[in-house]
Amino acid sequence: MKANSDKSKQSNKATRRVLAGVLCGASVLSLVLSLVMPPISQAIANDGQAGAAEETVMGGFLK
């Protein structure tokens, strides 16, 4: 009976470690994404504006 109790305790500890690792990983990922995404979205917006400006200029040259 004691062996089952010890195994259960070890299993609970392992489960808690896994959950703690997942939560820690998720929080780190969230932090990294919050730091990385604004520059990326700004770069995408800038590329879109530059592309529109290039089309206008090229359209003027082709006509």
Side-chain angles (χ1 to χ4, degrees):
M1 196 67 157
K2 183 166 174 63
N4 285 340
S5 177
D6 288 343
K7 284 184 181 180
S8 178
K9 285 181 183 178
Q10 287 177 349
S11 177
N12 287 342
K13 284 182 182 179
T15 302
R16 286 183 183 158
R17 280 192 200 134
V18 169
L19 288 175
V22 168
L23 289 174
C24 183
S27 62
V28 168
L29 180 63
S30 174
L31 175 65
V32 168
L33 286 177
S34 69
L35 294 174
V36 170
M37 287 305 289
I40 290 176
S41 56
Q42 183 65 38
I44 291 170
N46 289 343
D47 285 348
Q49 291 172 357
E54 287 174 6
E55 288 176 12
T56 303
V57 171
M58 290 303 291
F61 283 129
L62 292 175
K63 290 182 180 177

- Can Met37 be reached from Leu31 by stepping across I, L, V, M, F, W or Y side chains whose heavy atoms are under 4.5 Å apart? no
Pairing donors with acceptors under 3.5 angstrom, does anything connect the side chains of Gln10 and Asp6?
no
- Item | Single-linkage hydrophobic cluster, 4.5 Å side-chain cutoff, Val28 and Val36 together | yes
Residue pairs meeting side-chain hydrogen bond (donor to acceptor under 3.5 Å, both in side chains), one or both in residues 12-35, sequence neighbours left out, come to none
